[in-house]
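Presented below is the structure to which this report refers.
Because only heavy atoms are used, hydrogens play no part in the values below, and waters and symmetry mates are left out as well, while side chains stay in. First the proteins, then the strands, lettered A, B, ... as listed; each starts at 1.
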Protein chains: 2
Amino acid sequence: MKKVDTSKGAHSRTADAQKLTMAEVAKYVGVSAMTVSRAFRQDASVSEETRKRIMEAVDALGYVLDQSAGSLSSRRTGFIAALVPSINNSNFSDTARGITDALENTGLQLLLGYTDYSAEKEEQLIESMLRRRPEGIILTGGAHTPRARRMLEKAGIPVVETWEIPEDPVNHVVGFSNSEAMSLLVRELANKGYRKFGYIGGTTARDTRGSQRRSGFLKTVEDLGLGPGRMISFGVPPITMEQGGQAIVSMLERWPDTEVVLCVSDLSAFGALMECQRRGLRVPQDIAIAGFGDYEISSICHPRISTINVDCYGIGRQAAARLLDALQDGGDVAGDITLTSYRVVLREST
Amino acid sequence: MKKVDTSKGAHSRTADAQKLTMAEVAKYVGVSAMTVSRAFRQDASVSEETRKRIMEAVDALGYVLDQSAGSLSSRRTGFIAALVPSINNSNFSDTARGITDALENTGLQLLLGYTDYSAEKEEQLIESMLRRRPEGIILTGGAHTPRARRMLEKAGIPVVETWEIPEDPVNHVVGFSNSEAMSLLVRELANKGYRKFGYIGGTTARDTRGSQRRSGFLKTVEDLGLGPGRMISFGVPPITMEQGGQAIVSMLERWPDTEVVLCVSDLSAFGALMECQRRGLRVPQDIAIAGFGDYEISSICHPRISTINVDCYGIGRQAAARLLDALQDGGDVAGDITLTSYRVVLREST
DNA sequence: GCGAAATATGTTATCGATATCATCGCCGTC
DNA sequence: GACGGCGATGATATCGATAACATATTTCGC
């Protein structure tokens with residue numbers, strides 16, 4: 001890693017000193033600042049002729065609207081805040097993309113933050129987001145610190161919690177029951193004849209969706225009379241592909257006769273699958289594996305992985321849509337719950 | 001997908017009407033607004049006693065600082081803008097995370113946008129970002145529309161282009177030569193004895209880094225006297241895992257004696273690898289496969305994929321660091337080029 | 001113990017846009 | 001032809017914080 005200085009592109013920050021304001025554009029055109037302001041909005045009444053002249057001046061001078069100033073006086077920042085646990089996880093980046101797409105052409109801009117699955121970090125982020133006075137906020141999950149919750153309630157903006165169904169929602173919810181989804185997968189696999197079930201997940205409750213999946217698994221295995229589920233907890237959530245591989249090794253050492261292993265996500269399932277191949281185990285004959293989330297990888301790898309398909313992108317789109325509804329109606333909308341779809345996808349790995 | 005109304009969490013936007021301002025906190029405490037403002041900054045001179053009383057009031061009232069107002073008067077928005085082609089690609093989300101991490105505790109907040117590999121979309125995004133008056137901006141690549149370039153130059157803020165080395169940089173650069181990296185991979189594989197080289201990539205030049213990798217491949221194969229490289233172009237960049245699978249099928253139909261296939265990214269390489277397994281081809285004996293980017297998947301799958309490791313996270317961290325340097329020095333820093341490291345990682349797939 | 005420097009706090013103007021209300025033509029209608 | 005209404009534009013106050021300067025109070029060195 002070396003550094004090379006070049007005089008090219010040198011460029012002092014204060015040089016062209018972007019001092020340009022609306023008033024100067026106005027003077028240049030020979031109208032008032034107010035008229036320039038109006039020209040930037042499509043609903044305002046400005047003659048076509050004037051607007052054209054203004055826009056030409058804007059182009060010529062290189063003026064760029066200053067929304068910080070605008071939002072102070074209009075009391076509309078045009079921001080929507082969204083917090084996701086991690087952006088490196090494609091499930092959540094799909095949700096983020098859904099939000100972005102739904103916001104396109106609304107004039108709203110997304111302020112995105114990563115909580116790293118930590119409620120404390122979430123609290124910090126909520127505060128720093130609220131300082132920007134967003135018009136709405138989208139969160140992942142329903143577990144918040146008390147202070148975070150207070151701030152949210154006091155903010156006076158629509159709040160959407162996603163990806164799960166909190167017991168006591170703040171406001172709107174767009175998501176599904178992770179435990180029921182996992183339960184459905186267990187039942188379908190039991191129907192296929194599997195009896196000895198194992199589960200691989202992270203060690204703590206930091207990942208609330210992961211915990212819900214786990215409890216759905218445990219309960220359903222019990223309900224079906226298939227004895228206590230075999231549980232390997234490995235690594236701090238979210239667990240990686242590699243940890244999935246290590247976990248299945250532990251599983252097979254401890255309970256060699258396990259027939260099928262369900263994983264908290266497709267990522268660990270994939271790691272487990274590859275580790276089995278490396279060890280010469282046949283999947284699903286020697287051991288069957290299933291994941292959760294239907295990541296792209298699961299439909300591509302060989303054998304393909306059985307999983308639960310979740311509408312990640314749709315969660316984002318709908319969360320944004322609920323927010324837009326609420327903003328439209330002047331905020332008189334009561335909280336509601338929008339359930340999103342999921343489905344079991346059985347493939348060659350089970 | 002159904003909707004369930006609940007009266008719970010109902011919550012009208014105008015109810016608690018977050019009218020709370022600094023002045024009211026000030027009145028509550030019995031000091032001036034200015035003192036409250038000072039209490040929020042660590043460098044300001046406020047007695048410990050007063051600050052404590054103010055913070056208690058802030059807590060009690062639930063006041064949240066309004067940065068939109070603050071940044072108007074201080075002329076510091078605390079925003080850094082960053083544009084990446086896609087957030088669903090883990091290489092770029094790693095870069096985004098690098099930026100976020102580097103910005104932690106600087107009081108700066110990231111405004112993130114996705115260009116979808118489109119220069120037009122990038123132009124739009126640059127404009128909407130500049131409206132927020134960011135203090136610096138990080139871009140991916142060096143291909144911008146003329147208007148985008150003009151806006152960037154006029155903005156008077158530090159600009160960092162990343163992930164490649166533009167011929168004519170706007171300002172700072174943090175990246176590496178994609179063509180040289182690919183060239184290095186070709187040479188190492190040639191050293192291992194491979195002679196008949198194929199390449200899989202997307203169909204258009206939208207993905208400039210992809211194009212650079214391709215030209216690095218072609219040139220090096222020629223230079224080594226290994227005849228014209230065999231090229232399969234498939235799909236609009238960025239190409240998916242599935243398209244990688246389809247592409248290798250075309251490759252082997254057209255040039256069945258191909259010995260090694262290089263892919264524009266690990267994702268397509270993985271798709272190709274899995275498709276080979278599905279068809280009973282042995283990798284690397286029947287066909288060797290290499291990727292680019294060293295995604296997590298490549299070190300986990302079986303066989304593991306040879307690739308170029310790129311310091312995605314480091315690109316983000318360093319880009320942010322260059323920006324912080326420039327902000328620190330009052331912007332009198334000339335543009336410079338920071339080269340980031342990459343290395344060939346040979347694994348079982350070649 | 002006195003003046004200078006440092007500390008703590010207040011006052012006022014201001015950042016750059018927009019809400020609001022006022023103004024001025026112009027058109028059409030009864 | 002007078003009046004109501006609408007379209008286009010301008011003047012002024014204001015959004016909520018902070019910069020800059022002013023002032024009061026304390027600290028400290030010699």
Is the closest side-chain heavy-atom distance between A/P85 and A/D116 below 4.5 Å?
no
Measure the shortest side-chain to side-chain distance between A/Y114 and A/N88 over non-hydrogen atoms and say whether it is less than 4.5 angstrom.
no
Looking only at side-chain atoms of A/M34, point me to the closest of D/dT18, C/dT20, C/dA17.
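The nucleotide sitting nearest to the side chain is C/dT20.
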Closest to side chain of A/D66, choosing from C/dG16, C/dG10, C/dT18:
C/dG16
Would you kindly give the [atom1]-to-[atom2] distance between [X] and [N], to the nearest whole Å?
| X | N | atom1 | atom2 | value |
| --- | --- | --- | --- | --- |
| A/I54 | C/dA17 | CD1 | P | 13 Å |
| B/R133 | C/dC15 | CZ | C1' | 12 Å |
| A/M22 | C/dA19 | CE | C1' | 14 Å |
| A/Q67 | C/dC15 | CD | C1' | 16 Å |
| A/F40 | C/dA17 | CZ | P | 9 Å |
| B/R53 | C/dA8 | CZ | P | 14 Å |
| A/R41 | D/dA8 | CZ | P | 15 Å |

May I ask you to list the residues of residues 68-80 of chain A, by number, that have any heavy atom positioned under 4.0 Å from an atom of DNA chain C?
A/A69, A/G70, A/L72, A/S73, A/S74
Near-strand residues of residues 45-52 of chain B, defined as heavy-atom separation under 4.0 angstrom from DNA chain C
B/S45, B/V46, B/S47, B/T50
What residues form a salt bridge (Lys or Arg N to Asp or Glu O under 4.0 Å) with B/R131, not counting sequence neighbours?
B/E127
Checking salt bridge (Lys or Arg N to Asp or Glu O under 4.0 Å) for the pair A/E48/A/R51: CA distance, chi angles, key distance, verdict?
CA-CA 5 Å; A/E48 229 10 87; A/R51 168 174 278 140; 3.6 Å; yes
Does NZ or CZ of B/R132 fall inside the cone over A/F79's six-membered ring, less than 6.0 Å from its centre and within 45° of the axis?
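Here B/R132 passes the 6.0 Å and 45° test against A/F79.
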[N] phosphate, OP1 or OP2: any side-chain N/O from [X] under 4.0 angstrom?
| X | N | answer |
| --- | --- | --- |
| B/Y63 | D/dG16 | no |
| A/R131 | D/dG16 | no |
| B/T21 | D/dA17 | yes |

With sequence neighbours excluded, what pairs up with B/T140 under the side-chain hydrogen bond (donor to acceptor under 3.5 Å, both in side chains) test?
none
Listed pairs under 3.5 Å, donor-acceptor, residues 155-162 of chain B side chains, sequence neighbours left out:
from, atom 1, to, atom 2, distance (Å)
B/E161, OE1, B/V170, N, 2.8
B/E161, OE2, B/H144, NE2, 2.7
B/T162, OG1, B/L139, O, 2.7

Classify the nucleic acid contact of B/V31 as base, sugar-phosphate or nothing, counting any heavy atom under 4.0 Å across all strands shown.
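Sugar-phosphate contact only - B/V31 comes under 4.0 Å of backbone atoms but never of a base.
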Is any side-chain N of the basic residue among B/D94 and B/R317 closer than 4.0 Å to the acidic one's carboxylate O?
no
Most 5' of A/R38 and A/A23 on DNA chain C, judged by nearest nucleotide
A/A23
With B/R75, which residues qualify under side-chain contact (heavy atoms from CB on, under 4.5 Å), at least two apart?
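Partners of B/R75 by the side-chain contact (heavy atoms from CB on, under 4.5 Å) criterion, ordered by chain and then number, come out as A/K19.
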